[in-house]
Participant: 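This is the structure I want to talk about, given as structure tokens.
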Amino acid sequence: MLIVIIICTLLYLILNIQHNNLERTLKEAGKNHNLFIGTAVNGEVLDKDEDYANLIKNEFSLITPENEMKFSVIHPDVDKFDFSESDKIVKFALENDIKVRGHTLVWNKRIPEWLEKGNYSKEEMEHILKNHIFTVMEHYKGQIYAWDVVNEAFNNDGSLKDSIWLRTIGPEYIKKSFEWAKEADPNALLFYNDYSAEVINDKSNAIYKMIEQFKKEGTPIDGIGFQFHTSLHQKFTQKELIKNMKRFSEIGVKVNITELDVKLSDTVASSKVKYEKQANQYSVVLKSCLKIDNDCTSFGMWGLTDKYTWLKDDSPLIFNEEFEKKPSYDALISILTKK
Ligand code: G3I
């Protein structure tokens, strides 16, 4: 009898340790909250740095090609599409049971020269954009969790940002892009993605008004991506974030944190203090996401390690240059593993 008790106790301890180890990764802990944990991925680095690839496999359940699906990369000439770089990232994701965020179909940046200088008419431009959306989405049909259909279309004052799309097609380019995307892949989740709209301000009000109108008129849209590029200088509270995010979920769109990074401002504070403040910023964003009743479905960062960040020297991410966990990582795990 005593042996049976000892064996049962040992079994329980082993299973408990295994369970906790399983939860010791962001992606496993994210499952407690039905939350995908995402990162931007640099295709060149993925090819050459095994530690980078392994860290992604272990910690993340969603990846976004940082540049490989942008217009100038994937559509380098009027009648030429090049999926060679983006296919590598999608293949890696599918082989490792990781979801992919398509980024991005329509943006004012990364416009190739043939398009910029093409002097196309409104009709020609609509044909080009529709063909771009259809060709890219059909190529990846069934392989993409969510698309950033339109990226960064508003200025901070709530006006529409200048772009070749606005100038040639007019303001309706946004609505048309979502309609074409829905036609191209009816099963893909379609997101609008932007920065500096995480709290209630002129920009987030303009985005809210657009999405509210889309919902009223039946224009297909499934979610809003809050990029959340921020820094230690930027002050925001959970209350402000939740108030803004909730209003979007209440009009029937999912909320995604898509590109979070927290620049260490050049304060004089010690690294220890800066990393603690950074961990607090990451915590506030994650806790706010978790408060949106399952309508915040992904928590994504714009990279994983400070070694390859677009923000050189600002140490904005949750793993340092040696791929070691920073206080921000520990803070996220601690929040996600709390039942
Ligand atoms: O690949 C070329 C290389 O061949 C060339 O030698 C080199 C020097 O000109 O440029 C390389 O391309 C650069 C590309 O990143 C890949 O590294 C582009 O110049 C550079 O502009 C591009 O910057 C990217 C930026 O978007 C503009 O596309 C950043 O890596 C990327 O992190 C950033 O990501 C954006 C999101 O897409 C949207 N939200 C904001 C976010 C940060 O700006």
Side-chain angles (χ1 to χ4, degrees), residues 38-49 52 56 60 62-77 80 82-90 100-113 115-116 132-133 136 140 144-156 160-165 174 177 190-198 203-204 207 223-231 233-234 255-264 281 285 298-319 321:
T39 180
V41 166
N42 177 316
E44 270 177 54
V45 175
L46 189 64
D47 262 350
K48 71 182 185 189
D49 189 329
Y52 179 83
I56 293 169
F60 296 94
L62 172 68
I63 58 178
T64 306
E66 186 171 4
N67 290 293
E68 293 75 4
M69 287 187 175
K70 290 174 179 173
F71 201 110
S72 58
V73 177
I74 220 164
H75 195 168
D77 209 334
K80 184 181 175 205
D82 179 358
F83 296 105
S84 56
E85 292 310 308
S86 47
D87 280 355
K88 284 183 207 166
I89 296 176
V90 173
V100 182
R101 179 179 211 92
H103 176 82
T104 175
L105 295 167
V106 189
W107 191 19
N108 69 316
K109 290 181 183 168
R110 306 305 294 279
I111 301 295
E113 194 171 42
L115 185 61
E116 194 71 64
H132 178 82
I133 290 172
V136 175
Y140 287 116
I144 301 291
Y145 157 72
W147 277 102
D148 289 338
V149 176
V150 176
N151 190 53
E152 302 174 15
F154 288 89
N155 294 308
N156 287 341
L160 281 175
K161 193 174 275 186
D162 177 49
S163 72
I164 194 164
W165 313 115
I174 301 176
S177 297
L190 308 177
F191 275 69
Y192 174 79
N193 189 50
D194 215 330
Y195 63 88
S196 299
E198 294 84 9
K203 187 172 193 176
S204 62
I207 297 167
I224 177 167
F226 293 112
Q227 292 183 12
F228 231 123
H229 294 288
T230 186
S231 76
H233 283 311
Q234 206 169 350
V255 167
N256 280 190
I257 305 298
T258 51
E259 306 183 14
L260 178 59
D261 43 32
V262 181
K263 282 202 302 192
L264 290 188
Q281 299 281 66
V285 179
S298 79
F299 180 81
M301 290 154 274
W302 203 240
L304 49 149
T305 162
D306 293 335
K307 183 174 181 181
Y308 298 114
T309 175
W310 70 294
L311 293 169
K312 301 295 171 224
D313 308 327
D314 286 321
S315 312
L317 297 168
I318 62 174
F319 291 92
E321 303 219 357

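First listed ligand is number 1; within each ligand, the first listed atom is number 1. Positions are given from 1, in the same order as the sequence printed here.
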Participant: Mind jotting down which protein residues get a heavy-atom contact under 4.0 Å with ligand 1? Chain and number order, please.
Facilitator: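 Answer by chain and number: Glu66, Asn67, Lys70, His103, Trp107, Arg110, Asn151, Glu152, Gln227, His229, Glu259, Trp302, Trp310.
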
Participant: Heavy atoms only: give me the nearest Ala153-Tyr192 pair and the separation to one decimal.
Facilitator: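 Scanning both residues completely, I find the closest heavy atoms to be N-OH, 2.8 Å.
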
Participant: Only counting residues at least two apart or in another chain, list the ones meeting side-chain hydrogen bond (donor to acceptor under 3.5 Å, both in side chains) with Trp302.
Facilitator: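 Partners of Trp302 by the side-chain hydrogen bond (donor to acceptor under 3.5 Å, both in side chains) criterion come out as none, since no residue qualifies.
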
Participant: Can you list the residues that meet the salt bridge (charged side-chain N to carboxylate O under 4.0 Å, His left out) rule with Glu321, with sequence neighbours excluded?
Facilitator: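 Applying salt bridge (charged side-chain N to carboxylate O under 4.0 Å, His left out) to Glu321 gives none.
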
Participant: If the test is side-chain hydrogen bond (donor to acceptor under 3.5 Å, both in side chains), which one of Thr258, Thr64, Asp148, Asn193 qualifies with Arg101?
Facilitator: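 Exactly one pass, corresponding to Asp148.
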
Participant: Among all residues two or more places apart in sequence or in another chain, which pass the side-chain hydrogen bond (donor to acceptor under 3.5 Å, both in side chains) test with Tyr140?
Facilitator: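 Partners of Tyr140 under the side-chain hydrogen bond (donor to acceptor under 3.5 Å, both in side chains) test: Ser86, Asp87.
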
Participant: Do Asn67 and Glu85 meet the criterion of a side-chain donor-acceptor pair at a distance under 3.5 Å?
Facilitator: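 Checked: Asn67/Glu85 side chains show no N/O donor-acceptor pair below 3.5 Å.
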
